2 protein chains.
Amino acid sequence: MELDERKKKILQAVIKNYLETGEPVGSRTISKYTDLNLSSATIRNEMADLEELGYIFQPHTSAGRIPTDMGYRLYVDDMLSTREKELDKKDRKLDDKAESLKTMQEIMDKRVDRIEEVLKDMAKMLANNTNYTSLVSMPQANKNKLKFVQLTQVDEGKLLCTIVLEGNIVKNEMIQLDREIDQQTLLKLNLLFNNTLNGLSLQEINFDMAANMADQSGELGGLVSDILNAIVAAIGAADGIEIFTSGATNIFKYPELSGNENASRLISTLEEKDMLTNLLTDSLEEMGESSTGIQIYIGEETPVNSMKDCSVVTATYEFEDGVYGKIGIIGPKRMDYEKVVDALKNVTGSLDQKFGKGKKK
Amino acid sequence: MELDERKKKILQAVIKNYLETGEPVGSRTISKYTDLNLSSATIRNEMADLEELGYIFQPHTSAGRIPTDMGYRLYVDDMLSTREKELDKKDRKLDDKAESLKTMQEIMDKRVDRIEEVLKDMAKMLANNTNYTSLVSMPQANKNKLKFVQLTQVDEGKLLCTIVLEGNIVKNEMIQLDREIDQQTLLKLNLLFNNTLNGLSLQEINFDMAANMADQSGELGGLVSDILNAIVAAIGAADGIEIFTSGATNIFKYPELSGNENASRLISTLEEKDMLTNLLTDSLEEMGESSTGIQIYIGEETPVNSMKDCSVVTATYEFEDGVYGKIGIIGPKRMDYEKVVDALKNVTGSLDQKFGKGKKK
DNA sequence: GTTAGCACTCTATTAATTTGAGTGCTAATA
DNA sequence: TATTAGCACTCAAATTAATAGAGTGCTAAC
């Protein structure tokens with residue numbers, strides 16, 4: 001059997017109607033809804049075919065039809081491609097992106113700790129506007145190259161180790177020493193670490209190197225390896241992505257989600273945040289897809305178990321060279337994909353708007 | 001009418017039974033449950049009195065009784081005071097504590113330096129053990145006294161300002177300069193800031209001082225005030241308390257909470273975290289109450305609106321001198337107060353030991 | 001003061017009934 | 001051959017009715 005034009009139109013109509021109402025849609029509705037001018041009986045026949053093809057199904061005999069994941073997938077792909085065409089028509093500005101990135105970089109430069117606030121606000125805004133759940137990941141350095149290390153004595157026997165990574169990500173680690181240390185030594189240590197570690201990534205700071213450095217430092221050996229451990233720990237900790245969520249309870253607005261106890265599991269996932277990592281780190285490279293970094297997971301496609309009857313849309317933003325973050329929306333499978341994609345595109349693209357374009361360049 | 005001993009005993013029995021079953025408790029149940037050897041009819045009379053006194057009520061005619069907030073309050077106060085007496089008598093508590101500390105200790109040993117991780121684990125453990133929702137606040141400096149400032153050149157024209165506050169809380173701020181700066185000047189600036197600001201709190205770094213310092217620095221004046229601004233901003237940011245929650249979805253286990261849409265509001269509150277501030281900063285000073293820093297809010301007593309039909313128990317722990325954090329449990333009003341208080345005491349006890357008092361000597 | 005006994009109330013549960021949306025199939029129609 | 005009208009059938013959801021049971025309040029007796 002083939003998916004001819006008419007079937008496609010009917011499928012489209014079914015899905016569109018279902019997105020709006022959330023109720024299974026019957027043949028009579030379609031008969032009136034479309035401009036096809038077909039009787040409900042004909043629609044019924046076509047719908048039976050569509051069901052056989054796997055695009056729609058009935059929750060039970062004598063109910064209307066509901067799209068399957070496969071149906072949604074067709075619909076979404078269609079939507080995305082026509083959308084792309086439209087964009088091609090209007091001259092799309094690639095440099096627009098470049099501009100917005102500039103501004104983000106400046107935000108970062110100015111307030112190391114405050115991007116957090118910006119992103120939180122963004123998540124909140126997204127959740128409010130869409131009535132779905134939103135999540136945002138802090139920009140994450142892909143390659144954590146060490147740029148700079150600073151050891152400072154804070155108390156007797158207590159060293160503060162400040163580490164700056166490529167992309168100006170700052171980490172602190174407190175080190176407890178078992179002995180006193182004088183200014184002279186401290187200076188020496190600072191020099192040593194900066195000379196040796198500069199430009200290296202976590203992977204490159206291995207055990208050999210640790211042994212080596214410790215050897216060369218003679219009596220300071222133990223100290224050196226202690227500090228090295230602290231540095232590694234701090235960089236490692238930078239791997240744990242920070243994620244903010246907003247509007248978790250919006251899922252209660254959609255009966256098909258709030259009913260079963262999956263709702264609870266979903267909220268747990270959002271609270272734990274560990275599992276979300278899959279969504280937001282996965283495929284940072286494969287952001288080719290639609291060249292906008294937009295990625296859509298429908299139902300079973302999502303990598304997170306507790307979201308198997310949701311859909312998830314994510315977008316990637318670039319923060320600096322090689323430093324990416326992600327923004328996502330979680331909603332029912334019958335979410336308004338068009339609106340969500342738009343919202344995400346706007347948000348990633350309009351960070352500069354929010355903070356004034358005057359600062360670019 | 002008086003609340004004589006027998007009434008008190010009956011009330012106790014009603015509450016105890018209700019805590020266990022969650023169902024309204026009737027006269028016959030009490031008649032058998034207690035050692036009072038009274039017929040159900042007598043109990044009925046007494047219960048009518050207790051209702052008139054405001055300690056219990058019927059959800060509807062011909063149902064058993066349920067404690068009112070006032071009833072709970074009596075029960076809890078009683079529990080706390082007898083508990084205090086017991087502790088005074090026996091020193092046996094050490095055994096108990098040592099045992100439960102074992103698990104706690106394991107968590108702690110994992111990573112002393114990553115307080116955040118420790119606290120998160122702790123929250124998770126508490127939620128799992130109690131089946132309620134837990135929340136933990138990062139230790140917060142009461143008075144943010146400046147201990148140490150370090151300026152470091154990261155890029156050309158870019159300064160990293162690392163600030164250490166009393167209690168070893170570290171903040172970073174990136175400063176963009178409009179001109180180059182040489183090592184000599186940097187050294188001078190470092191010296192200047194440390195000498196001038198050391199030991200001062202945010203309130204004490206006022207405009208007068210800014211003007212003063214800028215004046216004294218001659219041509220460096222603009223630079224100095226830029227940096228001063230950065231410092232103030234960083235300290236100010238330290239005011240936002242970080243709070244972790246765990247087990248938010250545990251509230252679904254209690255029908256009286258999960259039913260209405262308050263459940264959703266409660267979860268929103270937990271997600272937002274802003275509102276939780278009230279719970280966890282409030283009354284850091286008034287921790288006198290029972291000299292253990294334990295505070296119990298029953299129903300309407302809680303300062304957070306979305307928790308008006310929950311009970312909240314909070315405890316204070318000391319991180320270092322003058323640096324406190326709080327731990328809280330949120331559950332239904334019929335929570336197992338005794339167990340919760342115990343759990344919190346243990347947890348704060350071991351935290352004190354690990355971080356604060358214990359570690360000191 | 002305490003208790004036994006009874007009438008009464010109200011909820012919760014289960015079963016029976018009705019309603020209506022929607023389908024599938026068949027036979028007639030263009 | 002593709003479309004449509006018509007009808008019998010199905011199933012979920014809503015409505016109603018019937019029943020059981022827990023618990024109370026009150027009264028009269030102990």
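Chain letters run A, B, ... following the sequence lines, proteins first, then strands; residues in each count from 1. These numbers come from a predicted model, not from an experiment.
- A donor and an acceptor atom, one from each side chain of B:Thr245 and A:Glu271, are located under 3.5 Å apart.
- Judged by the 6.0 Å and 45° rule, B:Lys333 forms no cation-pi pair with B:Tyr72.
- The B:Arg65 side chain lies nearest to D:dG25 when the options are C:dT2, D:dG25, C:dT23.
- Ionic pairing of A:Asp77 and A:Arg73 is present here: one or more N-O contacts between side-chain nitrogen and carboxylate oxygen are shorter than 4.0 angstrom.
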Only pairs under 3.5 Å count here: list side-chain donor-acceptor contacts from residues 9-17 of chain B, not counting sequence neighbours, and write none if there are none.
none

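- A donor-acceptor contact under 3.5 angstrom links the side chains of B:Thr269 and B:Ser306, judged on distance only.
- Between the side chains of B:Tyr337 and B:Ser311, at least one donor-acceptor pair of N or O atoms lies under 3.5 Å.
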Please tabulate the protein-to-nucleotide N/O contacts below 3.5 Å involving nucleotides 5-11 of chain D, giving atom names and distances.
residue, atom, partner, partner atom, Å
D:dG6, O6, A:Arg44, NH2, 3.3
D:dT10, O2, A:Ser62, OG, 2.9
D:dC11, O4', A:Ser62, OG, 3.4

Next item on the list: Report the C-alpha distance between B:Tyr254 and B:Arg334 in whole Å, list the side-chain angles of each, state the deciding distance to 0.1 Å, and finish with yes or no for side-chain contact (heavy atoms from CB on, under 4.5 Å).
Entry: CA-CA 10 Å; B:Tyr254 308 96; B:Arg334 63 178 172 95; 3.8 Å; yes

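- Here the C1' atom of nucleotide D:dT1 and the CD atom of A:Glu46 are 14 Å apart, to the nearest Å.
- Here the straight-line distance linking atom CG of B:Asn262 with atom OG of B:Ser268 works out to 11.0 Å at 0.5 Å rounding.
- Within residues 4-37 of chain B, the residues that have a heavy atom under 4.0 Å from DNA chain D are, in order of number, B:Gly26, B:Ser27.
- Note: CD1 (B:Ile66) to C1' (D:dA22) measures 14 Å, nearest angstrom.
- Between A:Asp49 atom CG and D:dT3 atom C1' the separation is 14 Å, expressed in whole Å.
- Taking both residues in full, the closest heavy atoms of A:Ile329 and A:Leu135 are given as N-CD2, 4.3 Å, listed atom of the first, atom of the second, then distance.
- The distance between atom CE of B:Met47 and atom P of D:dG23, rounded to the nearest whole Å, is 9 Å.
- For B:Glu52 and D:dG25, the CD to C1' distance is 14 Å, given to the nearest whole Å.
- Between A:Ile43 atom CD1 and D:dT4 atom P there is a gap of 9 Å when expressed in whole angstrom units.
- In this structure, the CG atom of B:Asn45 is 9 Å from the P atom of D:dG25, given to the nearest Å.
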